[in-house]
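Notes follow once the structure below has been shown.
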Amino acid sequence: MIVVTAATGHLGRLVVTSLLDRGVPANEIVAAVRNPAKAADLGVEVREADYGKPETLAAAFAGADDVLLISSNEPGQRFTQHRNAVDAAKAAGVRFIAYTSVLRADTTTLGLAVDHKATEEYITASGIPHSFLRNGWYLENYTENFAPALEHGALLGSAKDGLIAAAARADYAAAAAAVLADDRNRDEVYELVGDTPFTMSALAAELGAQSGKEIAYRDLPKEDYRAALIAAGLPEGYAELLADSDVGIANGELADDRTHLVDLIGRPTTSLADAVGVALKG
Ligand SMILES: NC(=O)c1ccc[n+]([C@@H]2O[C@H](COP(=O)([O-])OP(=O)(O)OC[C@H]3O[C@@H](n4cnc5c(N)ncnc54)[C@H](OP(=O)(O)O)[C@@H]3O)[C@@H](O)[C@H]2O)c1
C-alpha cells in the first residue's frame with residue numbers, strides 16, 4: 001500500500017492521479033491528509049494525517065509499504081512536522097519513504113532549503129530506505145501570479161539573468177509516482193529539473209508574446225524586491241524567502257542539467273510556452 005501525505009495539496013492531488021494513471025489500483029493508495037473532508041473527491045481511501053498531531057500519523061501509516069512525505073507549507077514548523085512523520089513511518093515499519101525536497105538540498109544556499117536539508121538528514125538517520133525527490137522550481141510559481149505583470153507591464157524579481165530550470169507540478173508528480181509505483185526507481189537522490197531552463201527576461205518575453213502586451217522584466221536589488229512583495233500583501237517572512245530565492249536563482253541555485261526528471265517520466269517536461277499558454281487561457 002502506498003500512502004501519500006498532504007494529498008489535498010496541488011502536488012499531492014496530482015501524485016494520486018499519476019499513480020492511478022500508472023495503473024496502481026485505487027485500493028492500494030491512501031490519501032493521508034490534514035482535512036479529510038477536502039479529499040472526498042480523490043477516489044482513494046482517505047485517512048487523517050496532521051503533521052502536528054503524531055497520533056493521527058501512526059494511524060495513517062498503519063499497514064503502509066511505501067510513503068510519500070510531501071513537505072508541508074508551513075516554514076519554520078516544517079522540520080518538526082516532518083520529524084513527526086518520519087518517526088511515525090519508522091514505528092509503522094514502512095519499507096520505503098520518498099520525500100519531496102529541494103534541488104541540491106545538501107549544498108544549496110537557498111534559505112528555504114534549511115528545513116529540507118534537516119529533514120533529509122533525519123530520514124537518513126532513521127535507516128528507512130528512501131529516495132529524496134529534490135524538486136526544482138514549479139513553473140506555477142510564475143504562471144499562477146501573472147495578474148500584476150499583465151496589469152503593470154512588468155515582471156519584478158532579483159534573479160538577474162540566472163537560469164531557472166522549472167518544471168510543472170504535474171511533471172514532479174509524475175516523477176514521484178514513477179518512484180512509488182516501480183521498485184526499480186529507488187535511487188537515493190533525484191535532482192529534478194525542467195529540461196529547458198529560462199531567464200526572467202525570457203519569461204517576460206513569452207508572456208508578452210502570448211498576451212499581446214508589452215511586458216518587461218525589471219530586476220531589483222533584493223531589499224527593493226522584498227519591499228515590493230510586502231507592499232503587494234505578502235507576509236514579511238514569505239517575502240524574505242522569495243527574495244532570497246531570487247538571489248539564489250541569480251547565483252545558479254535553481255539551474256541544473258541533470259536529466260533525472262525526464263528519465264523518470266519518460267517524456268519532455270512541460271515547456272515554458274505551454275505553461276504560459278495554459279495560464280492565460282485560465
Ligand atoms: N518547488 C517549488 O517551487 C515549490 C513551490 C511551493 C511549495 N513547494 C513545497 O512543495 C509542497 C507541495 O506543493 P503544493 O503545491 O502541493 O503545496 P500546497 O498546494 O500549498 O499544499 C500543501 C499541502 O501541505 C498540507 N499541509 C500543510 N500543513 C500540514 C500539516 N500540519 N499536516 C498535514 N498536511 C499539511 C496542506 O494541507 P491542507 O490541504 O489541509 O492545507 C496541503 O495539502 C509545499 O507544501 C512546499 O513544501 C515547492
Side-chain angles (χ1 to χ4, degrees), residues 3-18 30-42 46-61 67-89 98-105 108 110-120 132-145 159 164-177 190-194 197 234 238 241-242 244-246 248-249 253-256 261 269-270 275:
V3 175
V4 179
T5 70
T8 46
H10 292 90
L11 184 69
R13 286 183 167 276
L14 291 165
V15 172
V16 171
T17 308
S18 298
V30 169
V33 303
R34 173 164 58 176
N35 180 355
K38 282 172 72 178
D41 60 328
L42 281 173
V46 176
R47 297 181 183 174
E48 184 186 356
D50 186 327
Y51 297 144
K53 297 182 187 163
E55 67 281 6
T56 65
L57 298 167
F61 295 159
V67 169
L68 174 64
L69 173 58
I70 293 185
S71 52
S72 128
N73 58 1
E74 300 179 316
Q77 301 174 47
R78 286 201 295 193
F79 174 62
T80 310
Q81 294 177 333
H82 298 163
R83 193 175 59 194
N84 289 342
V86 176
D87 288 346
Y99 170 67
T100 62
S101 185
V102 69
L103 191 64
R104 300 193 298 268
T108 182
L110 293 185
L112 61 77
V114 172
D115 298 334
H116 291 297
K117 184 170 188 277
T119 303
E120 286 194 1
F132 298 141
L133 308 175
R134 291 181 174 167
N135 292 343
W137 234 213
Y138 296 164
L139 282 164
E140 288 87 347
N141 294 345
Y142 302 108
T143 60
E144 289 176 352
N145 296 294
I164 306 159
R169 282 196 194 94
D171 301 324
Y172 297 117
Y190 291 99
E191 304 282 4
L192 302 172
V193 288
L234 266 66
Y238 189 44
L241 270 185
L242 288 185
D244 170 79
S245 297
D246 257 36
I249 288 171
E253 293 286 20
L254 284 166
D256 201 286
L261 181 50
T269 60
T270 305

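Counting convention: from 1, in listed order, for ligands and their atoms alike.
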For Arg78, is the nearest heavy atom under 4.0 Å from an atom of ligand 1? yes
Just verifying a value: how many Å separate Leu57 CG and Thr5 OG1, rounded to the nearest 0.5 Å? 9.0 Å
Should Arg34 and Glu48 be marked as a salt bridge (Lys or Arg N to Asp or Glu O under 4.0 Å) after you check the CA-CA gap, both sets of side-chain angles, and the distance that decides it? CA-CA 6 Å; Arg34 173 164 58 176; Glu48 184 186 356; over 6 Å; no
Taking only heavy atoms of Ser71, which atoms of ligand 1 are found under 4.0 Å from at least one of them? 9 (C), 10 (O), 11 (C), 44 (C), 45 (O), 46 (C), 47 (O)
Write out the residue and atom name of the closest protein heavy atom to atom 31 (N) of ligand 1, then the distance separating them to 0.1 Å. Asp50 OD1, 3.2 Å
Short N or O distance, His10 and ligand 1, threshold 3.5 Å exclusive: yes
For Gln81, which part has a heavy atom under 4.0 Å from ligand 1: side chain, backbone, both, or neither? side chain
Does only the side chain of Thr5 get under 4.0 Å from ligand 1, or the backbone, or both, or neither? Count heavy atoms. neither
Give the residue and atom name of whichever protein heavy atom lies nearest to atom 14 (P) of ligand 1, and the separation in Å to one decimal. Leu11 N, 3.8 Å
Tell me whether the rings of His82 and Tyr51 are parallel (<30°), tilted (30 to 60°) or perpendicular (>60°). perpendicular
Protein heavy atom at shortest distance from atom 12 (C) of ligand 1: Tyr138 OH, 3.4 Å
Under 3.5 Å between any N/O of Asn135 and any N/O of ligand 1: does that happen in this structure? no
At what distance is the nearest protein heavy atom to atom 20 (O) of ligand 1, and which residue and atom is it? Asn73 ND2, 3.0 Å
Starting from atom 23 (C) of ligand 1, locate the nearest protein heavy atom and write down its residue, its atom name and how far away it is, to 0.1 Å. Ala6 CB, 3.7 Å
Strictly by modelled atom types, are Asp50 and Thr56 linked by a side-chain donor-acceptor pair under 3.5 Å? no
Audit row: Asp115, Arg83, salt bridge (Lys or Arg N to Asp or Glu O under 4.0 Å) steps and yes/no: CA-CA 10 Å; Asp115 298 334; Arg83 193 175 59 194; over 6 Å; no
Consider every N or O of Gly12 and every N or O of ligand 1, then say whether any pair is closer than 3.5 Å. no
Could you tell me if Glu120 and Ser101 have a donor-acceptor pair between their side chains, going purely by distance under 3.5 Å? yes
Would one find an N or O of Gly136, backbone or side chain, under 3.5 Å from an N or O of ligand 1? yes
Is the closest N or O pair between Arg169 and ligand 1 shorter than 3.5 Å? yes
Using distance alone, determine whether Gly9 and ligand 1 share an N or O pair under 3.5 Å. yes
Under a 4.0 angstrom heavy-atom cut-off, which atoms of ligand 1 come close to Glu74? 28 (N), 31 (N)
Could you tell me whether atom 17 (O) of ligand 1 has a protein heavy atom closer than 4.0 Å? no
For atom 32 (N) of ligand 1, what is the nearest protein heavy atom, given as residue, atom name and distance? Tyr51 N, 2.8 Å
Please report whether ligand 1 has a polar contact with Arg34, defined as an N or O pair separated by less than 3.5 Å (distance criterion only). yes
Within-cut-off N or O pair, Asn141 and ligand 1, under 3.5 Å: yes
Should the proximity of Ala49 to ligand 1, defined as any heavy atom under 4.0 Å, be assigned to the side chain, the backbone, both, or neither? backbone
State whether a side-chain donor-acceptor pair under 3.5 Å links Tyr99 with His116. yes
